[in-house]
Amino acid sequence: MTTGNPESLSEVDQQRLLEWFDGSSRNLPWRANPTPYRVWISEVMLQQTTVAACIPYFEKWMEAFPTVESLALADMKRVLVAWQGLGYYRRARNLHKAAQIINTQGWPPSLEGWKAMPGIGNYTAGAIASIALKLPTPTVDGNIKRVYARLTADQSSFSQLDKRAWKWAAKNLVSSRAGDWNQALMELGATLCRPLAPKCEACPLKSCCLAHRLGIVEQVPEKPVRKRAVELHLAAIVYWRVHHEELEIGLIQAEQSNWWEGMTIFPTQQLDQSLDQTEKPNAIGRVTHTVTHHKITFAVCLEQVHGKMSGVNFVRASALSELPMPSAHQKIWKLASKKLLDL
DNA sequence: AAACCGGGGGC
DNA sequence: GCCCCAGGTTT
């Protein structure tokens with residue numbers, strides 16, 4: 001049993017973690033063949049989603065856009081459809097933008113080169129540089145931050161912790177296996193050193209973990225204060241018509257710098273919070289959608305249209321799935337389509 | 001339904 | 001450094 005200083009891990013502890021990773025790491029599609037393209041796409045997907053949810057998206061993505069060139073030349077709409085359901089759609093736009101840069105300038109050869117790419121920050125650049133380029137670069141994500149905070153019992157505030165975790169990660173990097181080392185720390189954080197109910201007994205680093213020794217594992221790291229969600233009340237209007245004996249739905253494209261830019265959505269109207277607009281005669285119910293720090297309530301209204309409508313594109317209902325529609329509006333469609341089928 | 005996690009980027 | 005982005009999972 002070593003009880004080394006967690007600020008500066010002993011070689012024995014480092015090897016212990018790497019061996020645990022070698023023996024327990026999951027068989028993930030992007031790990032099998034860690035080319036820059038595959039690591040890049042997987043890392044950006046993983047920024048906001050769990051591993052399990054990412055796997056089918058990653059595999060579909062690689063079929064749709066097998067190379068950076070195919071991504072660079074692809075239609076933005078196709079890219080958004082492939083990303084549909086993952087959320088934070090700006091990331092898909094950034095992937096597309098970066099693909100075009102890479103397609104003309106070549107692959108970034110360094111950490112700094114990756115950091116200059118749109119949508120790539122400190123974490124993702126460090127991950128790609130170490131995993132795909134095999135460069136000895138550290139990285140820090142939420143998992144590594146938590147592992148660091150617990151190992152050293154660092155109870156600093158959330159913003160302080162970030163700086164300290166990066167220092168620690170740089171100091172303790174196993175340079176000869178940087179990619180594996182970074183992934184081992186993240187895997188540890190995701191599977192054992194979890195935010196809630198950590199599995200300390202199974203942890204390869206428990207003998208040098210200060211928080212474990214002090215019995216304060218679940219109190220570290222300090223949780224950031226969260227703001228209450230802002231409530232928004234909107235009416236979502238589902239315009240519909242029968243055209244050539246087919247049901248068609250009126251949709252718009254979210255404008256630049258608006259929510260869900262470039263995605264296909266139902267027209268909405270701001271509502272007075274004090275009014276319960278579901279009382280309106282054409283309202284069929286409500287949909288709630290919580291994102292980041294907004295709680296949106298949509299009063300869904302059906303409205304039949306005869307002929308055209310300016311600013312609204314009518315699309316065959318059966319073709320809706322080919323359009324990039326954010327989850328919130330898919331919920332609206334789910335409610336509206338059920339009602340429309342009853343008519 | 002409430003609580004929770006999360007990385008990039010603009011300021 | 002702080003705050004916003006326009007979400008999903010866990011409890």
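Just so it is clear: chains get the letters A, B, ... in the order the sequence lines come, proteins before strands, and each one is counted from 1.
Within the structure, every pair that satisfies the ring pair (Phe, Tyr, Trp, His ring centres under 6.0 Å) test and touches residues 167-189 of chain A, not counting sequence neighbours, is listed here: A:Tyr148-A:Trp168. Under the salt bridge (Lys or Arg N to Asp or Glu O under 4.0 Å) criterion, the residue pairs touching residues 148-174 of chain A are A:Lys145-A:Asp162, A:Asp154-A:Arg164, with sequence neighbours excluded. Residue pairs meeting the ring pair (Phe, Tyr, Trp, His ring centres under 6.0 Å) criterion with at least one member in residues 184-214 of chain A, sequence neighbours excluded, do not occur.
Shown here are the side-chain contact (heavy atoms from CB on, under 4.5 Å) partners of A:Ser327, two or more places apart in sequence or in another chain: A:Tyr89, A:His289. Checked against salt bridge (Lys or Arg N to Asp or Glu O under 4.0 Å), A:Arg31 has the following partners two or more places apart in sequence or in another chain: A:Glu187. A:Glu69 pairs by the salt bridge (Lys or Arg N to Asp or Glu O under 4.0 Å) definition with nothing, not counting sequence neighbours. Residues passing the salt bridge (Lys or Arg N to Asp or Glu O under 4.0 Å) test with A:Arg91: none are found, sequence neighbours excluded. Qualifying salt bridge (Lys or Arg N to Asp or Glu O under 4.0 Å) partners for A:Glu255, counting only residues two or more places apart in sequence or in other chains: none.
Counting non-hydrogen atoms of other residues, nucleotides and ligands closer than 6.0 Å to CZ of A:Arg194 gives a total above 12.
For DNA chain B, the residues of residues 119-129 of chain A within the heavy-atom distance limit of 4.0 Å (strictly under) are A:Gly119, A:Ile120, A:Gly121, A:Asn122, A:Tyr123, A:Thr124, sorted by number. Near-neighbour residues of DNA chain B inside residues 83-94 of chain A, defined by a heavy atom below 4.0 Å, number-ordered: A:Tyr88, A:Arg91.
The outermost nucleotides of DNA chain B lying under 4.0 Å from heavy atoms of chain A, listed 5' to 3', are B:dC5 to B:dG9.
The strand DNA chain B forms stems, runs of 3 or more Watson-Crick or G-U wobble pairs with distances below 3.5 Å, at B:1-5 with C:7-11, B:7-11 with C:1-5.
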